[in-house]
Amino acid sequence: MFEDLNPEQQAAVNHGEGPLLIVAGAGSGKTMTLAARVASLIERGTRPERILLLTFSRRASREMVSRAARLGTSDTGRVWGGTFHAVGNRLLRLHGLALGLTPDFTVLDQADGADVMNLLRDEHGYSARARRFPRKDTLAAIYSRTVNAGERLTDVVKRHYPWCLDEVEGIREIFRAYTERKRQQHVLDYDDLLLFWKALATSPATGSQLAQMFEHILVDEYQDTNALQADILEGMRPAAGPRNVTVVGDDAQSIYGFRAATVKNILEFPERFPDATMIKLERNYRSTPPILAASNAVIALSPQRHEKTLRPTRPGETLPILRACLDEAEQSDAVCRAVLEHREEGILLKAQAVLFRAAYHSDHLEVELARRNIPFVKYGGLKFMEAAHVKDALSCLRILENPLDEVSWFRVLQLLDGMGPASARRLMEELEVRREDDAHAASPLARFLDEPVAVPKGAAEGVRELRGALGNCLDADVLPPAGQLARLRTFLEPVIVRKYEAAASRLRDLEQLELLASEASSRGQFLADLTLDPPSSTGDLAGPPHLDEDYLILSTIHSAKGLEWDVVHVIHAADGMIPSDMSTGDDDEIEEERRLLYVALTRARDGLHVTYPQRYYRRP
DNA sequence: CAACGTTTTGTTTTT
DNA sequence: CAAAACGTTG
Ligand SMILES: Nc1ncnc2c1ncn2[C@@H]1O[C@H](COP(=O)(O)OP(=O)(O)OP(=O)(O)O)[C@@H](O)[C@H]1O
């Protein structure tokens with residue numbers, strides 16, 4: 001069944017009980033090995049639903065599970081696969097009651113969390129001008145780092161946000177209020193999904209029950225997990241019981257430091273799991289020798305590298321191409337030409353990818369591709385969930401799902417004509433959206449629908465319309481999520497036309513949203529899925545027609561993790577782009593940029609083009 | 001005082 | 001290009 005595997009891969013697949021650490025270089029077949037191991041475990045009698053497979057994205061999880069299925073095991077559908085966050089969400093809905101979490105909680109994404117911070121910043125009087133208090137996104141970022149890295153607030157601020165040092169006490173005050181506010185409103189943010197999972201796993205009352213759910217736990221891309229996630233893993237594999245846990249990673253490919261990921265997790269694995277077996281995969285099955293040599297040369301310059309020698313196994317002599325271009329226009333032209341040349345040689349567009357550091361780096365190229373009728377799908381940097389009108393629609397759904405969700409009320413009410421922040425606040429107070437603990441008063445939504453409310457005269461009409469829309473969604477208890485969105489759309493349409501420009505394309509986004517909703521089984525499920533696995537490519541939104549067409553892949557390097565293409569084009573390989581000028585604060589950041597380039601280069605199988613413009617008209 | 005329109009600023013990567 | 005800050009109108 002696994003005869004193609006090399007001896008080290010075989011050993012990893014066949015490993016029996018006990019902790020296993022697989023240190024695997026780029027293209028050494030770790031994804032394949034992990035999938036084979038899942039298949040093998042099932043073959044050897046482990047029930048699929050007793051296997052937990054943690055990956056860095058839902059997409060990676062699907063890919064891995066389907067690979068395992070192709071290896072001959074049929075029953076992989078029942079494997080618990082997903083990101084730490086998605087699995088946390090699932091476990092907490094099942095077992096959260098032990099921590100006082102009711103299963104009806106809703107999930108905030110990081111922008112929602114920032115909005116809560118903003119509300120609190122106003123309430124606590126930190127928004128006065130003249131005072132330079134951190135902005136909402138900064139607050140959210142600081143908070144997230146303290147939680148995920150398990151570090152003290154003052155240390156985080158000192159290290160990563162030194163300009164906020166004067167306001168540490170205010171920040172602490174906001175954070176305390178933030179935590180309390182989330183509890184009152186039955187909402188969890190991304191960090192809470194991990195935090196509460198850890199609490200569940202390490203609590204004497206529930207820990208062992210949770211650990212016993214899974215016979216085997218496997219974690220992919222372990223170099224990109226953070227301290228909190230390592231704690232969860234340890235909690236799920238207590239020293240007392242059998243410690244069947246497999247982690248796979250490559251410290252040279254650690255690119256999520258900005259999310260508090262740390263290679264310490266790999267390095268310290270043998271200490272946390274003392275009798276761990278360690279297997280190294282050092283044969284690269286992906287790239288031709290010249291491509292691998294170039295990649296190795298890039299990473300060799302890293303002073304913090306852990307020794308690994310990655311040896312090529314494939315033939316090939318074509319050298320990678322480094323092309324200096326006059327400017328961005330010439331770069332786009334060069335890429336288009338190279339792509340088409342390879343296409344002529346028989347390499348499908350789909351087998352080629354253009355990689356870049358930041359989503360906007362491909363703007364110019366996208367125009368050029370469109371002009372030449374070269375179809376493409378772009379991964380990463382999609383601002384769909386960030387778009388105001390999408391948030392508006394989702395906030396309506398979230399009010400229906402969780403009437404205590406303050407930020408959703410605040411956003412939706414301000415859509416109404418004549419209703420600004422002050423009136424919205426007043427109305428929310430009247431509805432008692434914010435209430436002390438679990439008071440048994442009528443839901444704010446019921447009150448809004450049934451009781452007369454005091455609003456500015458100008459806003460009365462808007463309130464009636466909102467009432468109608470929300471009421472209709474609720475009346476028809478059986479109305480599926482897509483139907484609810486359709487009803488809400490009739491309310492939102494005039495609002496969007498009045499409030500935003502480019503209304504037409506925004507309205508199309510709402511139809512898109514409705515399409516996504518039509519696959520969901522319930523409103524709650526839809527909302528959670530969307531926040532835990534947001535659309536990540538333009539293809540996710542364009543729908544299935546793309547499937548049999550051929551199209552070029554454009555992707556951020558982050559979103560290209562774990563993937564491979566016959567030909568890879570890396571653009572904007574210039575100072576200020578890679579490395580990004582946003583990430584030159586300290587050596588660690590710069591080293592991460594180096595690894596980012598390494599990850600980009602190692603995606604290529606047969607052809608590699610690296611280009612950079614020598615001149616930018618707008619400062620980069 | 002509150003809503004709304006205009007100017008300025010600041011711009012990565014993702015669960 | 002979107003959100004914050006500012007200034008004007010209701
Ligand atoms: N034993 C093998 N024999 C032949 N080909 C192999 C073998 N193992 C892996 N491969 C091939 O090598 C390529 C890389 O494998 P895979 O994607 O699993 O690597 P990876 O370690 O996950 O890479 P990365 O860490 O860079 O994401 C795949 O095309 C896979 O089919």
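Sequence lines set the chain letters: A, B, ... in the order given, protein chains first and strands last, and positions in each chain run from 1.
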Passing option when A:Ser332 is tested against A:Glu368, A:Glu366, A:His364 for side chain to side chain donor-acceptor pair (under 3.5 Å): A:His364
Whole-Å gap separating P (B:dA2) and CZ (A:Arg425): 11 Å
Residue closer to the 5' end of DNA chain B, A:Leu416 versus A:Thr531 (nearest nucleotide): A:Leu416
From C:dA2, B:dT13, B:dT15, nucleotide with atom closest to A:His558 side chain: B:dT13
Presence of salt bridge, A:Lys499 and A:Asp392, under 4.0 angstrom: no
Whole-Å gap separating C1' (B:dT13) and CE (A:Met582): 11 Å
Euclidean distance, atom CG of residue A:Asp109 to atom C1' of B:dT14 [Å, nearest integer]: 11 Å
Sugar-phosphate, base or nothing in reach of A:Gly381, heavy atoms under 4.0 Å: sugar-phosphate
Basic-acidic side-chain contact under 4.0 Å: A:Asp250, A:Lys30: no
Separation of atom CD in A:Gln414 from atom P in B:dA3, rounded to whole Å: 8 Å
Sugar-phosphate, base or nothing in reach of A:Pro456, heavy atoms under 4.0 Å: nothing
Lys/Arg N to Asp/Glu carboxylate O, A:Arg594 vs A:Glu591, below 4.0 Å: yes
Candidate nucleotides B:dA2, B:dT15, B:dT12, ranked by approach to the side chain of A:Pro534 - the nearest: B:dT15
Sugar-phosphate, base or nothing in reach of A:Ala388, heavy atoms under 4.0 Å: nothing
Check: A:His558 ring centroid to A:Phe258 ring centroid under 6.0 Å: yes
A:Arg425 bridged to A:Glu429 by N-O distance under 4.0 Å: no
Sugar-phosphate, base or nothing in reach of A:Asp417, heavy atoms under 4.0 Å: sugar-phosphate
Interatomic distance where CG belongs to A:Asn118 and P belongs to C:dA4 [whole Å]: 6 Å
Heavy-atom side-chain proximity of A:Tyr143 to A:Ile174 below 4.5 angstrom: no
Check: A:Tyr360 ring centre within less than 6.0 Å of A:His572 ring centre: no
Distance in angstrom units between A:Asn226 CG and B:dT15 C1', rounded: 10 Å
Touch class at under 4.0 angstrom, heavy-atom based, for A:Lys136 against every strand present: sugar-phosphate
Nearest-0.5 Å distance that lies between atom OG1 in A:Thr246 and atom CD1 in A:Ile51: 10.0 Å
A:Arg59 with A:Asp540: basic N within carboxylate O range, under 4.0 Å: no
Nearest-Å distance for atom pair CG/C1', residues A:Asp363 and B:dT11: 12 Å
Nucleotide of B:dA3, B:dT15, B:dT12 approaching A:Ser57 most closely (side-chain heavy atoms): B:dT15
d(OH, A:Tyr500; P, B:dC4) in whole Å: 13 Å
Closest-nucleotide ordering on DNA chain B, the 5'-leading residue of A:Leu532 and A:Glu593: A:Glu593
Residue-phosphate contact under 4.0 Å: A:Ser559 side-chain N/O, B:dT14 OP1/OP2: yes
Residue-phosphate contact under 4.0 Å: A:Thr556 side-chain N/O, B:dT14 OP1/OP2: yes
Watson-Crick and G-U pairing of DNA chain B written in dot-bracket, each distance under 3.5 angstrom, with | for inter-strand partners: ||||||||||.....
Sugar-phosphate only, base, or nothing, as touched by A:Arg498 at under 4.0 Å among non-hydrogen atoms: nothing
Touch class at under 4.0 angstrom, heavy-atom based, for A:Glu592 against every strand present: nothing
Within residues 252-262 of chain A: residues closer than 4.0 Å to DNA chain B (heavy atoms): A:Tyr256, A:Phe258, A:Arg259
Phosphate contact (B:dT9 OP1 or OP2) by A:Arg135 side-chain N/O below 4.0 Å: no
Distance in Å, A:Ile266 CD1 paired with A:Tyr222 OH, rounded so as to fall on 0.5 Å steps: 8.5 Å
